[in-house]
Each structure stands twice: as structure tokens, then as C-alpha cells.
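Notes for the one structure printed next.
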There are 2 protein chains.
Amino acid sequence: MVNKDPFYLGRLQDYYALHRLIPSYAEIASLVGVSKQGAVKFIDRMIFAGYIRKGAGGRLSPANMFFARPHVGGAPAGFASPATEVLGDAITIDEYLVERPSSTVLVSVRGDSMIDAGIHDGDFLIVERNTNPNIGKIVVAIVDGDFTIKYLRSGSDGLFLEPANEDYPNIYPETSLDIYGEVVGQFRKF
Amino acid sequence: MVNKDPFYLGRLQDYYALHRLIPSYAEIASLVGVSKQGAVKFIDRMIFAGYIRKGAGGRLSPANMFFARPHVGGAPAGFASPATEVLGDAITIDEYLVERPSSTVLVSVRGDSMIDAGIHDGDFLIVERNTNPNIGKIVVAIVDGDFTIKYLRSGSDGLFLEPANEDYPNIYPETSLDIYGEVVGQFRKF
DNA sequence: CAGCATGGTGTACGAACGTACACTTTGCAA
DNA sequence: TTGCAAAGTGTACGTTCGTACACCATGCTG
């Protein structure tokens, strides 16, 4: 018989996605269809493999591997390479995209002025609050009290904002330029 | 005295960040420095406010509000709207993008054949394994042993694949069409 | 000032939990 | 084919958990 652990783990991951909680051994048992002691042994294997941790009182919590998603590279038909190869240390998408949670906000995109940078209407941007971003980065600026997503450029007359859509003009600030933060990531649901 | 709940909650969030687990009432009590019954009352308030949920056996798990990240809408200068307005139930980016963890894989994008759909070289796609996706969706297909991201279309001669880049031709399968899964989300780091 | 909701403490108890031990079954390797 | 490790079952046990009830202190409101 093939190894059933991936199937068991899948059940556990789906349960966790729903409840944000690793259930008790008894619940795991009925969840995957084995006895309670079978669940104990299964969890022992998962702990050994780095999918599950034990907290105070023996309560179970997910470990790093629990969130690791199978990653399928661009390579032809090679299904097996683990996510860590490309994503590096990061395991959850959150951790990959958000490096400094306390200074990070989400911004939803309106309009298509940055469409050539792959930022579409309805996308979410991960924005790190930082009023002095580097030249050339995509920034969230405040122009006339409105949020604007643009490239931050430097010209002979100082800083200005450049859209990534040839239908839109550059924005040259009349007085000063209010930068809200720097765009460090983006995500979207289809 | 001011309301100490935010302070308590902060302790709880720090603990959760470390252990990915809401501790028991007894542990909460020592964590925030009250009696066990004080912890019970505190958690009751958190449940009422939508920060905590109760799972099977009365075990505690984080609810929506527990993860709430500041979200800045497209609205002019309105900083305050909570993430739930736009993101719906999901709070973490992972949970927003990945609905079925066990059948979801990540695929990294090579090439620019889907650039008009906002899918660029180097992006990550969230792909739900599903060999029978709906017409019109973006799918991961296997063509000549290679992964290809394309729109799934239906024509008079059956299914075919359409890129989102006018420099690329449609792909009409000679025999059958191997569909790996459906693209449900996308993310990228800048 | 009386009333009452709020936040907190102490004690008690049954149920559920994690753990341990003995045993069975299966598959692979010597 | 014998041996052994892995995977699973059944039963039992002490501990911890969540829950309930009674009670106290504080602060706001009619």
C-alpha cells in the first residue's frame, strides 16, 4: 500500500484552513478514519517531519512544513520540487510578501495607470509605510488628498511620478510630494 | 482605569505569533496576569468582538478580527476602513488566496504570454488542481510535457488555449488537452 | 443614593484530553 | 522464510481543560 500520510495531512490542512486549529487526537482519528492511537502515531510522524509542533499541555500546533505548498516550477513535467527552492525561507505567502507586519498595510488598486507594471484594477498591494522610498520604486503617493500608485522618478526639477501606462501623463508636484509608502508586493484573486 | 483588553489582546497575539495556537484559559491567565476566571471573561469579550472563536471541545482559535491588518482603501485619504470590507472573511493573504490547501500548488511563471491578464514573468500563481476547469478560466495545461498558462476556450473544433498576448498564437491540441489545474490567484514581490 | 453592568477572584466538578502499554497486521529485506 | 520495523487497534489512567456558581470591587447612570 502507498503511504497514506499525504492524504491524512491533506485532511488536516483542510480542517486547519477552516478552523485555524489543529484538532485533538480523537478528532484527527475520525477525520482521517483511523483509531485514536493511529492518529497518535500519525502525528508523531508529522512532528518528526516538521509539519506539527507540540505546545504546552501536549496541544498540537502547525509547524513550518505544515504551510509549505507544493511548488511546481517552470521545468517540464517536474512535479516534485519543494516550495523552498524558489520561495527561499518563506513558507506562507503572508511571510513571503510581508516582511515588516507592523509597518505594512494593504491598498486596493483603482484604475489602470500602472497596468504595464502588472498592477491592475482590483489588485491588492502590499505597502510598507516609508516616506522616503528609493528612486525608481513603485510608491503610494498622496496627490490632492487622493492615493496614487506610480513610479517615483527623479528629474532635473526634482522628484516626479510616472505612471506605467502611456495614456497617462507624468505628475509633477507643484509644491511638495507626499509619499505614503513603497509598494513591495502585489496579489490578486481571479 | 482604561480598558486593558487591547493590552491583553496584544499579549495573546504575540503568543500566537510564536506558537500558532491560542493557549488554554489557565495559560492566558498567567500570560496577561489575571485569574483563570478573569481570562474566561476576557475571552468572552474577545469572542463577542470577533477576535476569537470556539472550536470543538471549547478549544479556542483565532477569528477574523484577530489578524486584521490595516487596510487603506482607494478612497481619498480614508485610512480607517478595516480589511474585512474588501477582503471579506479572509484576513491573512494565505487564506484569502488559498481556499483548499490540500489541492493547491504554487506555480512560478516563465514568459510573458499572459501579460495582458496581468501575469508577468516571475509571478507566482495559486493553482487548484482540477482537470476539468470551466471554459474561460485561466488554466495550467500540459502541452508537450511542458507547463503552459493560458485561457481555456471552446471553439467549433473543441477546446483550445488562448494566450493573453497578441504576439502569441492560439494553441489547438492535436489529440487531447491535458489540464493540470485552474489558476485562482496570483502574487508577486517587487 | 440606589441600582446595575462590568471586570475580577476563588472554588469545585465532570468531561475530554494526551499518554502509556500490550497486541495485531502488513510489507519488505536478509 | 524468518525477522523486524512500520502502521494500526483496544483499553486504561491521571491530568488538565472548559464550565458553572457564588462572591467582591468599581464606576457610571437614573
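Keep in mind that this is a model prediction, so the values were computed, not measured. Chain letters run A, B, ... following the sequence lines, proteins first and then strands; every chain starts at 1.
- If you take CZ of A/F7 and P of D/dG8, they are 11 Å apart, rounded to a whole angstrom.
- Between the P atom of C/dG18 and the CG atom of A/L60 lies a distance of 6 Å, rounded to the nearest Å.
- Considering every non-hydrogen atom in both B/V184 and B/L97, the closest pair reads CG2-O, 4.2 Å.
- A salt bridge links A/R45 with A/D5: the closest approach of a Lys/Arg side-chain nitrogen to an acidic carboxylate oxygen falls below 4.0 angstrom.
- Both B/V98 and A/V98 belong to a common hydrophobic cluster when Ile, Leu, Val, Met, Phe, Trp and Tyr are linked at side-chain heavy-atom distances under 4.5 angstrom.
- Judged by the 6.0 Å and 45° rule, B/R129 forms a cation-pi pair with B/Y180.
- In terms of the side-chain contact (heavy atoms from CB on, under 4.5 Å) criterion, residue partners of A/E162 (sequence neighbours excluded) are, by chain and number, A/Y151, A/R153, A/F160, A/N170.
- Between A/F124 and B/F187, a ring centre-to-centre spacing not shorter than 6.0 Å is recorded.
- Looking at which nucleotide of DNA chain C each of B/R45 and B/G57 is closest to, the 5′-most match is held by B/R45.
- Between B/F42 and B/Y8, the ring center distance clears the sub-6.0 Å criterion.
- A salt bridge links B/E99 with A/K189; the closest basic N to acidic carboxylate O contact falls under 4.0 Å.
- Per the geometry, NZ belonging to A/K41 stands 12 Å off P belonging to C/dC21, to the nearest Å.
- What separates CE of A/M46 from P of D/dA6 is a distance of 14 Å, to the nearest Å.
- Of the candidates D/dG8, C/dT19, D/dG18, C/dT19 carries the atom nearest the A/K54 side chain, counting heavy atoms from C-beta on.
- In this structure, B/F48 places its CZ atom 11 Å from P of C/dG7, rounding to the nearest Å.
- Both B/F7 and B/V40 are part of a single hydrophobic cluster, where members link through side-chain heavy atoms under 4.5 Å apart.
- If one axis is set at each end of the helix from C/dC1-D/dG30 to C/dA30-D/dT1 from five pairs, those axes are 30° apart, to 10°.
- Distance B/F42 CZ to C/dT9 P: 13 Å, rounded to the nearest Å.
- A heavy atom lying under 4.0 Å from DNA chain C marks the following residues of residues 18-39 of chain B, by number: B/V34, B/S35, B/Q37, B/G38.
- If you take CZ of B/R59 and P of C/dC17, they are 7 Å apart, rounded to a whole angstrom.
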